[in-house]
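In what follows, a single structure is set out as structure tokens and then discussed.
Fair warning: this is a prediction, and the values are worked out from it, not measured in the lab. In the text below, chain A, chain B and the rest are named by the order of the sequence lines, each starting its count at 1.
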Amino acid sequence: MELFVLGKYRTLVVKIYGELDHHKADSVRKAIDREIKRCGVINIAFDFSNVTFMDSSGIGVIMGRYKIAKSLGGSTVIYGANESVQRIIDMSGITNIVTVSDSLENGLKEAAANV
Amino acid sequence: MYKNSMKIEFLNISDNERFARCVAAAFVLELDPTMDQLSEIKTAISEAVTNAIIHGYEDREGIITIEGNIYDDTVEFIVTDNGVGIPDISRAREPLFTGKPELERSGMGFTIMETFMDSMEVESFVGKGTRITMRKRLNKVDKSEG
Ligand SMILES: Nc1ncnc2c1ncn2[C@@H]1O[C@H](COP(=O)(O)OP(=O)(O)O)[C@@H](O)[C@H]1O
Ligand SMILES: [Mg+2]
């Protein structure tokens, strides 16, 4: 996983590699929450372009981070998900609360427009 | 009639979620599944095994069993734990229900298993454990074309 801050957009970009299951969820969650506190960002953008597998544990991670971003007045963006990961995202209904997009740039634009 | 079967047992540590997915995928390869079918099977197995770890055994050590059976073009997986059991199965199966919201569970596990497999049965006894039986028919792709 890689984390980097886009200061201009007050956004933490979370780039996840490989499989996002219950086993991986804990460390992802902890790292993100630590970084949010440390950097004072309010938005979270998940780069899923290198996620090869995700199950409902990944949905739990996204929902939990959405709640944090929302409490800070920010929003959550997901981009780059492959077809099978996108299917889980669609099934969960989180598309109603997070912005799903094809790229970071478009996702941030769309999220800003929705506020 | 083509027939095959297998059985694995493993410890309830989360590293084995991936192990279980890989075994299930490897077991059905003989049936020439599509990429979509493979990912559906891996996801359903992942949900069942994760539930056995998180909800079935919670913090104690235990063994999870996966039995796989193939009859012609249909695969059956039976995931068993000897954990706490489910007091109200129909409630547990409801979309978005979770008994552990404090762990950021989404409550989608059973819904995913039901959607991705053709059938899913839940048998459970409080204090004894839970057995999930899932079946899926994998229609053979005609190899003579393309
Ligand atoms: N193997 C199991 N042992 C005990 N309880 C279980 C088991 N599997 C599922 N459950 C119960 O059913 C609920 C719903 O499961 P699921 O749909 O996978 O959602 P989640 O895992 O996100 O809570 C769980 O929260 C739990 O209370
Ligand atoms: Mg579950």
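Taking NZ of B/Lys42 as the start and OG of A/Ser84 as the end, the distance is 8.5 Å to the nearest 0.5 Å.
A salt bridge between A/Arg65 and B/Glu104 is present, with a side-chain N of the basic residue lying under 4.0 Å from a carboxylate O of the acidic one.
In terms of hydrophobic clustering, with Ile, Leu, Val, Met, Phe, Trp and Tyr side chains grouped at heavy-atom distances under 4.5 Å, B/Ile78 and B/Met120 are assigned to different clusters. The same ILVMFWY cluster, assembled from side-chain heavy atoms under 4.5 Å apart, contains both B/Met113 and B/Ile53. Hydrophobic clustering keeps A/Ile36 apart from A/Val77 (ILVMFWY residues linked when any side-chain heavy atoms are closer than 4.5 Å, directly or through intermediates). B/Ile66 and B/Leu138 fall within the same hydrophobic cluster, where Ile, Leu, Val, Met, Phe, Trp and Tyr residues are linked whenever their side-chain heavy atoms come under 4.5 Å apart, directly or through other members. Clustering ILVMFWY residues whenever any of their side-chain heavy atoms sit less than 4.5 angstrom apart, transitively, puts B/Val49 in a cluster other than the one holding A/Val61.
Inspection of non-hydrogen atoms places A/Glu19, A/Asp21, A/His22 of residues 4-22 of chain A under 4.5 Å from chain B.
Under the 4.5 Å side-chain criterion, counting only non-hydrogen atoms from C-beta, B/Phe116 is in contact with A/Arg87.
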Practice task
Evaluate the side chain to side chain contact (heavy atoms under 4.5 Å, CB included) criterion for residues A/Asp55 and B/Thr50: first the C-alpha distance (whole Å), next the side-chain angles of each, then the deciding distance (0.1 Å), finally the verdict.
Solution key: CA-CA 10 Å; A/Asp55 62 18; B/Thr50 301; 4.2 Å; yes

Practice task
Show your reasoning for whether side chain to side chain contact (heavy atoms under 4.5 Å, CB included) applies to B/Arg105 and A/Ser57.
Solution key: CA-CA 6 Å; B/Arg105 304 303 308 162; A/Ser57 298; 3.1 Å; yes

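Contact of A/Ile62 with chain B is not made at all, since no heavy-atom distance falls under 4.5 Å. Residue contact with chain B, scored on non-hydrogen atoms closer than 4.5 Å, involves the backbone and the side chain of A/Met91 alike.
Within a 6.0 Å radius of CZ in B/Arg91, no more than 12 heavy atoms belonging to other residues, nucleotides or ligands are found. The neighbour count for A/Lys70 NZ, taken as heavy atoms of other residues, nucleotides or ligands under 6.0 Å away, does not exceed 12. Remark: A/Glu83 CD is loosely packed, at most 12 non-hydrogen atoms of other residues, nucleotides or ligands lying under 6.0 Å away.
For the set B/Met35, B/Arg21, B/Arg18, B/Glu40, the entry with the most heavy-atom pairs within less than 4.5 Å of chain A is B/Arg21. Your options are B/Ser46, B/Gly107, B/Ser39, and the one with the most heavy-atom pairs under 4.5 Å with chain A is B/Ser46. In terms of heavy-atom pairs under 4.5 Å with chain A, the best-connected choice from B/Thr111, B/Leu103, B/Ile54, B/Thr115 is B/Ile54.
Checked options B/Ile112, B/Asn51, B/Thr43; the residue passing with A/Ser56 is B/Ile112 (criterion: side chain to side chain contact (heavy atoms under 4.5 Å, CB included)).
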